[in-house]
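Beneath this line is the structure, given in structure tokens, with notes to follow.
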There are 2 protein chains.
Amino acid sequence: MARKTAGATGPGATIYSVADRAGVSIATVSRVLQGGTVVAERTREKVLAAVEELGYVPLGAARSLAVRHHEAHGLVLPELSGPYYSELLMGFEARAAELGQSVVLVLTNGRRDLVGDVRRLATRVDAIAVLGSAAIPGEVVRTLAEKKPVVVIAGQPGDGVEAVAAENVDSARELVGHVLGHGRRRVLFVGDPASGPDINNRHAGYRQAHHDHGLAPAEPVRISLREDDGFAFARRLLAGEYHADALVCANDELALSIMTALQDAGRDVPGDTAVVGWDDVMTARYVRPGLTTVRQPVQELGALAADRLHDLVGGDRPPTDTRVLPTRLVLRASCGCTP
Amino acid sequence: MARKTAGATGPGATIYSVADRAGVSIATVSRVLQGGTVVAERTREKVLAAVEELGYVPLGAARSLAVRHHEAHGLVLPELSGPYYSELLMGFEARAAELGQSVVLVLTNGRRDLVGDVRRLATRVDAIAVLGSAAIPGEVVRTLAEKKPVVVIAGQPGDGVEAVAAENVDSARELVGHVLGHGRRRVLFVGDPASGPDINNRHAGYRQAHHDHGLAPAEPVRISLREDDGFAFARRLLAGEYHADALVCANDELALSIMTALQDAGRDVPGDTAVVGWDDVMTARYVRPGLTTVRQPVQELGALAADRLHDLVGGDRPPTDTRVLPTRLVLRASCGCTP
DNA sequence: CTGTTAGCGCATTCAG
DNA sequence: CTGAATGCGCTAACAG
């Protein structure tokens, strides 16, 4: 049946109208646009001209249906506050783009129908990366992984699904060892290890460092990882509810809020109390004393996740063990060092 | 022609295999999945069971092709460092999700083939939001707007394309007026007004405030808006290259880097030099003195952009004038106030 | 080098 | 309430 191929301009132009206008077949149009096969220079020009004149924009969905690939990766994050997620996303997006993949993003935080949203996502991408800690219940991830390639970022290793992560245990051990090396003997771990595998590993390193020094680790202060919780804890500390000469905070937001609160109350940091954190956020460089922390290669982590997805979709490279990226201690003054 | 509808499980399951398994037609499957039409409870259950057993995930591309909608919005940002873009993205994503739209993200910063990337994006979304300042050459935006609905965020108003923005001129006028009210008489605008419409408007407000007070504004210090540039400027200021008792910085990153550099060199802020910025980033609360700045409703801006795209796609609401969101002065101590 | 043709998987009339 | 048939726009053989 002869298609209606009315000279639709702008939106509405299809490969048929372009072919018509250029006086060629749709196959030829497809060829010059995909750039794979050889096309006579003469006809190529005609096609390109027609494309230009009609303002033709190919319909991605039609291509996807034909090639049976979305050419898109999904990324599921809890939110975007703080530099961690943003950097992860930047790294992911950059690598995905290099690989010719679009990225469609889902932020789960105050989401009504999380499961539904993720299912809809699965509908339009070839593979999905999920931030392990908070984004999604592990059960959902597992059923998802039965249908699409999935990689978990900084999550529980060994669920049977691919995973990438930054190193935490050793760097925690090193960091806490460093603090103990300053002569501190009452160092508290601030932040709930149950917040996620990352935090749990940091706490594990904290314990190891104590054992290394023949010391008994104190119970962790089980609070969540936001500024407000830091302020609340600082009040309790100032009230004498805790005793410590050093605070190892699960992340920088906690460390910064606590440090500031202590200082505003007249405490000397690190004189009275040393404070260290995790992530090396921008603020860590600006406060005085500078915050000693651990720098993670967050962008690389994102890029790595994108890589794995791509491999998984391509069917290359069989599932590998969890890839762990190294981290680096950043010594400033809040731990007791004099730079 | 009878389709091969082999009981494909997991990936590979189609609406046909589900229909087969449930002993119904694909139309019925489609109906229960879309939930629009009425279906007998009995058959609905059969279908759902089949879906479950086969692990069926509908192919978004096929649906998009059939309904002639991608049900996705594009968002083009330069990058994601700092809180501004992240918050914008959060606001955009949240609203888009509410409207049932996926969001596909493109970060343009070190991008090789920007134009190509944006064209590919246009291929798979119904509409696109672009951050005006830095993401894309205005010319590209205009040709894009001929093919897809486009809204420019914080960009040049009146290109004939939809736009949303935060208020800048008045808040700048108020901020600078406030600084002048502290008795400062040599206040410099730091940051290149040509960086983008936002900055240009802030500079305009700066000038107005001077005129309000019968003062002559100084030439702006034309540097770009990153930390490094702030440090470099601070060095030149300390070297006596500039004279000022107040610095109105185009954004917080600039303000913070400059303030810190001055303090490290022994200058008193705000005693010797007041410093104010724009954006109210997290660090602004932590430095001492706290940074006086202007808070923009960035998330709302993102949400607004998503709304407009949706309206544009729906064909509702004719193109409106640029929507401008109000901003708010945040007074802390760096301007000379005593909180 | 180019045209013809057959699906890709789904939504949607139109009958029944 | 349900099924059969058609087309969405594009790619990829397969011929010429």
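So you know, we letter chains A, B, ... as the sequences are listed, proteins then strands, and number each from 1.
The listed nucleotides are D:dG9, C:dC10, C:dG3; the one nearest the side chain of A:I15 is D:dG9. With distances taken from any side-chain atom of A:V67 to the nucleotides C:dA11, D:dG9, D:dA12, the minimum falls on D:dA12. In the set C:dC8, D:dC1, C:dT4, the nucleotide with an atom closest to the side chain of B:V38 is D:dC1. Comparing D:dG9, D:dC8, D:dT2 by their closest approach to the side chain of B:A40 singles out D:dT2.
DNA chain C lies under 4.0 Å from at least one heavy atom of each of the following residues of residues 58-65 of chain B: B:P58, B:L59, B:A62, B:R63.
Counting to the nearest Å, the P atom of C:dG3 and the CD1 atom of A:I26 are 11 Å from each other. Atom-to-atom, CG of A:L33 to C1' of C:dT2 comes out at 16 Å; the value is rounded to the nearest Å. Rounded to an integer number of Å, the gap from NE2 of B:H70 to P of D:dG9 is 11 Å. One interatomic measurement links the two molecules: NZ of B:K46 to C1' of D:dC1, which rounds to 12 Å at whole-angstrom precision. One can place CZ of A:R124 at 14 Å from P of C:dC10, the figure rounded to the nearest angstrom. One can place CZ of A:R68 at 9 Å from C1' of C:dG9, the figure rounded to the nearest angstrom. When rounded to the nearest whole Å, the span between CD of B:E45 and P of D:dC1 equals 14 Å. The distance between atom NE2 of A:H69 and atom P of D:dA12, rounded to the nearest whole Å, is 11 Å.
At the phosphate of C:dC1, neither OP1 nor OP2 sits under 4.0 Å from any side-chain N or O atom of A:T43. Contact annotation: B:T14 side-chain N/O to C:dG9 OP1/OP2 distance is not under 4.0 Å.
Not a single donor-acceptor pair, N or O on each side, falls under 3.5 Å between the base of D:dC8 and the side chain of A:Y16. For D:dG3, the base has a donor-acceptor partner in the side chain of B:R31 [N/O atoms by modelled type, under 3.5 angstrom].
Taking every heavy atom of both residues into account, B:V313 and B:A127 meet most closely at CG2-CB, 3.6 Å. Scanning both residues, A:P149 and A:L309, for their nearest heavy atoms gives O-CD2, 4.3 Å. The two residues B:A94 and A:R111 make their nearest non-hydrogen contact at CA-NH2, 4.0 Å.
A:T28 comes within 4.0 angstrom of sugar-phosphate atoms only, judged by non-hydrogen atoms across all strands, and of no base. Using a 4.0 Å heavy-atom cutoff across all strands shown, A:T37 reaches no nucleic acid atom at all. Across all strands, B:V29 comes closer than 4.0 Å to no nucleic acid atom at all (heavy-atom distances). At a threshold of 4.0 angstrom between heavy atoms, the contacts of B:A27 include nucleobase atoms, whether or not backbone atoms are also involved.
Distance check: B:D311 CG to B:E162 CD gives 8.5 Å after rounding to the nearest 0.5 Å. Note: A:R323 CZ to A:L325 CG = 6.0 Å, rounded to the nearest 0.5 Å.
The pair A:E98-A:R95 counts as a salt bridge, with a side-chain nitrogen and a carboxylate oxygen less than 4.0 angstrom apart.
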Do any side-chain atoms of residues 33-48 of chain B form donor-acceptor pairs under 3.5 angstrom with protein atoms, and if so which ones, sequence neighbours left out?
{"unit_1": "B:Q34", "atom_1": "OE1", "unit_2": "B:R63", "atom_2": "NH1", "d": "2.9"}
{"unit_1": "B:T43", "atom_1": "OG1", "unit_2": "B:A40", "atom_2": "O", "d": "2.9"}

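Between A:V130 and the choices A:V76, A:L77, A:I153, A:L75, the side chain to side chain contact (heavy atoms under 4.5 Å, CB included) rule is met once, by A:V76.
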